[in-house]
Amino acid sequence: RPRVLSGIQPTSDSFHLGNYLGAVRNWVAMQQTHDCYFCVVDLHAITAGHDPEALRRRTRVSAAQLLAVGIDPEESALFVQSHVPEHAQLAWVLSCITGFGEASRMTQFKDKSAKGGVDRSSVGLFTYPILQAADILLYQADAVPVGEDQRQHVELSRDLAQRFNSTFGETFTVPKAFIVRESAKVYDLQNPTAKMSKSASSPAGVIDLLDEPNRNAKKIRSAVTDTGREIVFDPENKPGVSNLLTIYSALTGRTIDELTTAYEGKGYGDLKKELGAVVADFLTPIQKATQEYLDDPAELDRVLAIGAEKARRVAAPTLAAAYDKVGFLPPA
Ligand code: TYM
């Protein structure tokens, strides 16, 4: 079976619909066909300032949500990044074959450092994509299911794998981004030309999976739509309506064509009202299941410990091979 690795940051108390539709939904599906490793990337979550208690809570909440939406810990390895020390160890080696200019070209670093300025950004934020490459390469992943905003980071991990292999000898599988076009970028409900984002969007623009279903339905009903009244899929000229159709289609499995036909002659209000109900119905069981996992933290931690053990069984030999290739003397 081809191998999959992906990760998600525990930087908020809930994932949002963009995380789910852009990435996590595909993780769940790929469990049928791939050998899967999924990690809650807590090392990445400390690159821009954080509260330790919140991080601990959010790490568990993240794992609980992944289980609730259908990550099966029997099928896949579900683990916390910091439980597998090989991630940080390989990241160091990869940082030594990454060019300073190459790292400087990462657009997410440029965006995230723009607010406070580069001088105030941590070195960890700068080297973040190198740690991400280590996450991917440690598992010899063939495919990395992510949203569109992670494409450049996966490209970097490909470049680093190829560079390491050609410099030191065949060691790493060269991974490919797995991006499902239809839902690769879910947009902010209030600003439908920007992506839905935990850091950049206003609360009204984001559907948090764990927020009250009725409040989320209301956010859908208040979504910014476009001039005109026709319900057509036209991302260029009608980004608001098109985003709603994307979400609708992804949550129900109905194609965009089916939806636009069904809504012929109806108005934006009908679409938003009905999609609001779809979203609320979708979230209710996920919230219940998440809460059940959180109610038993000892069991949750046990599942994560098993996941970390599975992960180390692959990560440790990969790191050992890389250490050997670069010429580190093995401990006697
Ligand atoms: P993170 O935690 O920001 O987001 C998790 C996943 O959600 C996707 N995503 C979206 N997809 C569609 N529309 C949106 N509006 C949207 N917002 C977020 C992201 O593309 C991502 O797939 N650097 C990564 C975490 C990471 C990782 C890895 C991913 C660390 N190591 C190794 C893959 C492999 C990140 O910040 O994701």
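Quick note: residue numbers are just sequence positions, from 1. In each ligand, atom 1 is the first atom listed, and ligand 1 is the first ligand listed.
Interface of G22 with ligand 1, defined as ligand atoms under 4.0 Å from a residue heavy atom, comprises 11 (N), 12 (C). Contact atoms of ligand 1 toward I136: 32 (C), 34 (C) (distance under 4.0 Å to a heavy atom of the residue).
Residue contacts with ligand 1, taken as heavy atom pairs separated by less than 4.0 Å, involve Y128 solely via side-chain atoms from C-beta onward. In I8, the parts holding a heavy atom less than 4.0 Å from any atom of ligand 1 are both the side chain and the backbone.
Between Y263 and Y268, the side chains place no donor N or O within less than 3.5 Å of an acceptor N or O (distance only, hydrogens not considered). Donor-acceptor pairing under 3.5 Å is recorded for the side chains of Q9 and Y128. Looking at D208 and H16, their side chains never bring a donor and an acceptor atom within 3.5 Å of each other. Side-chain polar atoms of D295 and Q291 form a donor-acceptor pair below 3.5 angstrom. Side-chain atoms of Q190 and S202 form no donor-acceptor pair, as typed in the model, at a separation below 3.5 Å.
Taking each of T246, V146, D149 in turn, the one with a heavy atom nearest to atom 19 (C) of ligand 1 proves to be D149. Around atom 34 (C) of ligand 1, the closest heavy atom drawn from L17, V180, V144 belongs to V144. The nearest non-hydrogen atom to atom 12 (C) of ligand 1, considering only A134, G147, P129, A184, comes from A184.
Using a non-hydrogen distance threshold of 4.0 Å, Q81 does not register as a contact of ligand 1.
The N/O atoms of P145, backbone and side chain alike, include none that comes under 3.5 Å of an N/O atom in ligand 1.
Below 30°, between 30° and 60°, or above 60°: for Y20 and F282 the angle between ring planes is between 30° and 60°, a tilted geometry.
Under the rule for a salt bridge (Lys or Arg N to Asp or Glu O under 4.0 Å), the partners of E102 that lie at least two apart in sequence or sit in another chain are R163.
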